[in-house]
Amino acid sequence: MNQSARIQCADDQPKVSLAQSSPTVGTFRERDGGLEWSGRQETLRIEPWGPDAVRVRARLGGPVLEGLPGALLDAPPATGSTVKLSDGDGQLTVGALTVEVSAEGLVRFLRSDDRSEVLAEERAHFWWPGSRLYTAVGNGYHRLEQRFAAYEGEKLFGLGQHQHGRLDQKGLVLDLVQRNAEVSIPVLVSSRGYTLLWNNPAIGRVELAGNGTRWVADSARQLDYWITVGTPADGQRNYSAVTGRSPMLPEWAAGFWQCKLRYRTQDELLAVAREYKRRGLPISAIVCDFFHWTHLGEWKFDLREWPDPAAMVRELDELGIKLVVSVWPSVSPLSENHPVMEQRGYFIGTQYGPTAHADWPDKEVASTVQVAFYDATNPEAREFVWSRVKENYLDPYGITAFWLDACEPELKPGFQENLRYWAGPGLEVGNGYPAENSRTFHEGLRAEGEEVVTLNRSAWAGSQRYGAALWSGDIGTDFTTLRHQIAAGLNTALSGIPWWNTDIGGFHGGDPDDPAYREVMVRWFQFGALSPLMRLHGFRDPGMPLGPDMTGGPNEVWSYGPEAGAILEKYLRLRERLKPYVLRVMREAHEEGLPVLRPLFLEFPGDQAAWTVDDAYLFGRDLLVAPVLTAGATVRTTYLPAGARWTDPWTGESYEGGTAVTVDAPLDRIPLFLRDGAELPVTE
């Protein structure tokens with residue numbers, strides 16, 4: 001190992017400003033193709049980590065630690081680099097990215113070709129503190145802060161899935177924590193030409209203020225982030241190369257998924273599947289939702305309600321329909337698995353109080369019970385849970401598709417500071433749980449030689465490599481909520497998760513007999529047909545109280561009356577015709593890491609107007625989608641990016657890009673535009 005190609009001597013060190021409370025002049029060394037700075041008990045290491053990218057780690061009180069939880073793959077792609085030490089500064093160049101470190105340990109990221117600044121650390125104050133702050137919280141842990149400069153006109157995207165409705169998130173403060181419908185994936189895409197991963201599953205926040213950007217981890221052992229330069233598309237390719245790419249989506253998953261809360265019995269579910277086939281409607285999957293189990297955390301069918309799962313799966317197979325089964329990570333004290341899991345330490349631990357993380361209804365008990373969540377960061381716990389799933393679903397019935405609900409995990413109350421995971425304290429590692437939960441099923445299914453698709457309510461950086469599809473959680477059922485899903489989906493896509501969808505029609509309520517809600521459903525269904533995954537779900541009126549006997553109102557395409565139903569059928573068939581195109585775009589996600597939903601600027605970064613469009617998107621390269629997002633609208637105005645010619649497949653009319661156009665949008669039509677003569681079977 002080349003530990004010290006050159007170590008800077010004291011005589012080389014420059015003078016620094018005495019305006020600082022304690023001016024630091026650190027020392028530099030080259031280490032294995034990277035650059036290391038140390039001063040005042042802090043170690044800063046910057047290493048090549050993939051094309052045009054580096055990983056930055058910093059720790060107070062000792063050398064940089066290896067093996068901490070994070071999203072990066074174990075080994076980066078082999079990448080050449082150049083290290084220069086001169087005039088008291090250090091410099092590392094990795095392709096298009098150059099990193100400069102001052103004698104005082106301040107870091108700047110530059111484009112290698114023209115030396116222009118992309119991003120730079122910034123002191124909080126000339127006196128104290130600096131750009132990196134470590135506030136001790138005990139036993140070698142610190143509250144960590146990393147500060148960067150703010151730039152006039154910068155736009156910031158990514159950061160997972162949120163319901164604030166903003167595409168450009170500059171000016172916002174976002175908690176880094178997992179909650180139902182709020183998914184923390186700490187990947188930031190900038191209009192200045194960089195993509196940054198905060199490689200730290202700690203609970204915290206990010207502040208995208210006008211006077212600076214600040215990342216905060218409430219309690220962790222060291223700072224860790226990764227950065228690359230280039231266009232947003234370059235960033236997606238480079239990011240997925242170091243965190244892993246999604247598998248190839250199986251063909252069945254590209255079709256239509258039918259779901260509601262909930263089919264209570266085998267007969268109910270099969271009746272719906274048969275009716276779709278009787279009507280000649282395309283359907284690829286149907287979901288068996290929660291409470292199908294004996295007890296929560298036994299992970300097996302209740303044979304009183306599902307008397308012959310083998311016959312059910314066999315009939316669905318003959319109909320060409322995949323069965324997807326809900327699997328929760330929580331375990332009731334009534335479960336046969338609870339005693340052995342508790343004794344073996346397979347649950348998330350608690351610092352104070354019993355090993356119980358939420359209250360939840362269960363069968364054969366009048367009140368809620370205190371359930372525990374299995375510790376998905378523990379390899380043995382993952383193996384145990386998979387062994388139960390395999391024994392009860394895969395081996396006897398051939399079930400290979402799973403809905404991983406409540407996987408934030410759904411704590412009540414949500415105090416991560418009270419949790420103790422196998423991988424570390426809750427504040428340090430809590431955000432990574434949903435990725436580790438999807439890993440349970442990825443490793444298990446792969447070991448059996450099966451394809452992997454799991455539907456997850458939460459995710460973290462790297463979830464995509466485990467075949468995890470994300471949905472937008474338990475959301476509302478109105479046009480405002482629909483409007484917010486466009487930004488949520490696009491920011492999720494820029495966070496490295498290509499498989500994404502919503503509950504078509506929203507989750508909380510919605511009366512199938514209400515004409516106003518039928519309009520919402522039609523417009524949402526159109527959007528769903530042009531989403532990465534197309535899945536109808538929701539807790540329709542009239543609902544019932546939460547419990548093992550609950551169900552909601554009807555939620556099949558014929559539930560919304562003949563006029564709306566005919567339009568829904570039209571878009572079922574559109575999705576079916578577009579499946580070859582969907583799978584082509586999914587292959588780009590698998591092979592290149594490019595998202596399926598694309599903000600206009602991903603394909604047209606040189607068009608400044610494209611950076612401001614937050615109500616339309618590209619579905620793959622060739623299809624621009626402009627959903628109707630307001631009640632009663634029959635026309636739609638949308639911007640068409642410059643540099644392409646766009647054709648309305650409904651009318652055949654063409655438009656030169658670089659301008660906004662207004663087109664008719666009657667209830668049965670979602671505005672679509674084909675790029676540069678692309679031919680897709682939009683019309684029948």
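Numbering of residues begins at 1 and proceeds along the displayed sequence.
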Legend entry - Worked check of side-chain hydrogen bond (donor to acceptor under 3.5 Å, both in side chains) between T228 and T195: CA-CA 5 Å; T228 188; T195 297; over 6 Å; no

Check whether any side-chain heavy atom of [X] lies under 4.5 Å from a side-chain heavy atom of [Y], and answer yes or no.
X: W37; Y: R29; result: no
X: N431; Y: I203; result: yes
X: V242; Y: P77; result: yes
X: L600; Y: D607; result: no
X: Q178; Y: Y433; result: no
X: L35; Y: V101; result: yes
X: N200; Y: P186; result: no
X: V187; Y: L196; result: no

Quick one: do [X] and [Y] make a salt bridge, cutoff under 4.0 Å?
X: E66; Y: R45; answer: yes
X: E408; Y: R457; answer: yes
X: R108; Y: E122; answer: no
X: R245; Y: E591; answer: no
X: E47; Y: R57; answer: yes
X: R132; Y: E121; answer: yes
X: E436; Y: R439; answer: yes
X: R598; Y: E588; answer: yes
X: R123; Y: E104; answer: yes

Legend entry - side-chain hydrogen bond (donor to acceptor under 3.5 Å, both in side chains) evaluation trace for S438 with T454: CA-CA 7 Å; S438 61; T454 56; 5.4 Å; no

Measure the [atom1]-[atom2] distance between [X] and [Y] for me, rounded to the nearest 0.5 Å.
X: E154; Y: K170; atom1: CD; atom2: NZ; result: 5.5 Å
X: W226; Y: N238; atom1: CH2; atom2: CG; result: 5.5 Å
X: N456; Y: N437; atom1: CG; atom2: CG; result: 7.0 Å
X: L490; Y: L602; atom1: CG; atom2: CG; result: 10.0 Å
X: M248; Y: M586; atom1: CE; atom2: CE; result: 8.0 Å
X: T43; Y: Q222; atom1: OG1; atom2: CD; result: 9.5 Å

Quick check: closest heavy atoms across [X] and [Y], and the distance to 0.1 Å?
X: Q161; Y: S472; answer: OE1-CA, 3.1 Å
X: P595; Y: L597; answer: CB-O, 3.3 Å
X: P498; Y: A589; answer: CB-CB, 3.8 Å
X: L72; Y: W49; answer: CD1-NE1, 3.7 Å

Inset, instruction - Kindly indicate, with the supporting measurements, whether the criterion side-chain contact (heavy atoms from CB on, under 4.5 Å) is fulfilled by V177 and S184. - result: CA-CA 6 Å; V177 66; S184 177; 5.8 Å; no

Kindly check if the number of other-residue, nucleotide or ligand heavy atoms within 6.0 Å of [atom1] ([X]) is above 12?
X: D114; atom1: CG; answer: yes
X: D113; atom1: CG; answer: yes
X: Y151; atom1: OH; answer: yes

Side-chain ([X]) to main-chain ([Y]) donor-acceptor, under 3.5 angstrom:
X: S495; Y: G160; result: yes
X: E145; Y: R214; result: no
X: D52; Y: A96; result: yes
X: H162; Y: H164; result: no
X: R675; Y: R621; result: yes
X: H590; Y: S246; result: yes
X: T79; Y: P48; result: no
X: T440; Y: R382; result: no
X: T243; Y: G462; result: no
X: N199; Y: A71; result: yes

Inset, instruction - In sequence, state the C-alpha distance, the side-chain angles, and the governing distance for R59 and E42, and then conclude on salt bridge (charged side-chain N to carboxylate O under 4.0 Å, His left out). - result: CA-CA 6 Å; R59 179 170 178 247; E42 183 187 22; over 6 Å; no

Inset, instruction - Tell me whether the centres of the aromatic rings in F148 and Y225 are closer together than 6.0 Å. - result: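 Close enough - the centres of the two rings lie under 6.0 Å apart.
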
Inset, instruction - Not counting sequence neighbours, list each pair that qualifies as a ring pair (Phe, Tyr, Trp, His ring centres under 6.0 Å) and has a residue in residues 443-469. - result: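 Checked against ring pair (Phe, Tyr, Trp, His ring centres under 6.0 Å) - neighbours excluded - the pairs reaching residues 443-469 are H442-Y466.
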
Legend entry - Matching residue for E592 among R237, R587, Q236 - test: side chain to side chain donor-acceptor pair (under 3.5 Å):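 With E592 as partner, side chain to side chain donor-acceptor pair (under 3.5 Å) holds for just one option, R237.
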
Inset, instruction - Could you walk me through whether D622 and R584 pass the salt bridge (charged side-chain N to carboxylate O under 4.0 Å, His left out) test, one step at a time? - result: CA-CA 11 Å; D622 293 331; R584 192 171 87 208; 3.1 Å; yes

Inset, instruction - Among F384, Y374, F373, find the one that has a ring pair (Phe, Tyr, Trp, His ring centres under 6.0 Å) with Y346. - result: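 Going through the options one by one, the only one that passes is F384.
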
Legend entry - Under the salt bridge (charged side-chain N to carboxylate O under 4.0 Å, His left out) test, residues paired with D168 that sit two or more places apart: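 Here no residue qualifies.
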
Inset, instruction - Could you walk me through whether H142 and L60 pass the side-chain contact (heavy atoms from CB on, under 4.5 Å) test, one step at a time? - result: CA-CA 9 Å; H142 293 86; L60 188 66; 4.0 Å; yes

Legend entry - Worked verdict on R115 versus E100 for salt bridge (charged side-chain N to carboxylate O under 4.0 Å, His left out): CA-CA 10 Å; R115 312 295 293 179; E100 288 185 349; 2.9 Å; yes

Inset, instruction - Dump the intermediate steps for side-chain contact (heavy atoms from CB on, under 4.5 Å) on V56 and Q146, then the final yes or no. - result: CA-CA 11 Å; V56 181; Q146 173 68 65; 5.9 Å; no

Inset, instruction - Take F619 and V596 through the side-chain contact (heavy atoms from CB on, under 4.5 Å) test and state the conclusion after the steps. - result: CA-CA 6 Å; F619 188 69; V596 179; 3.6 Å; yes

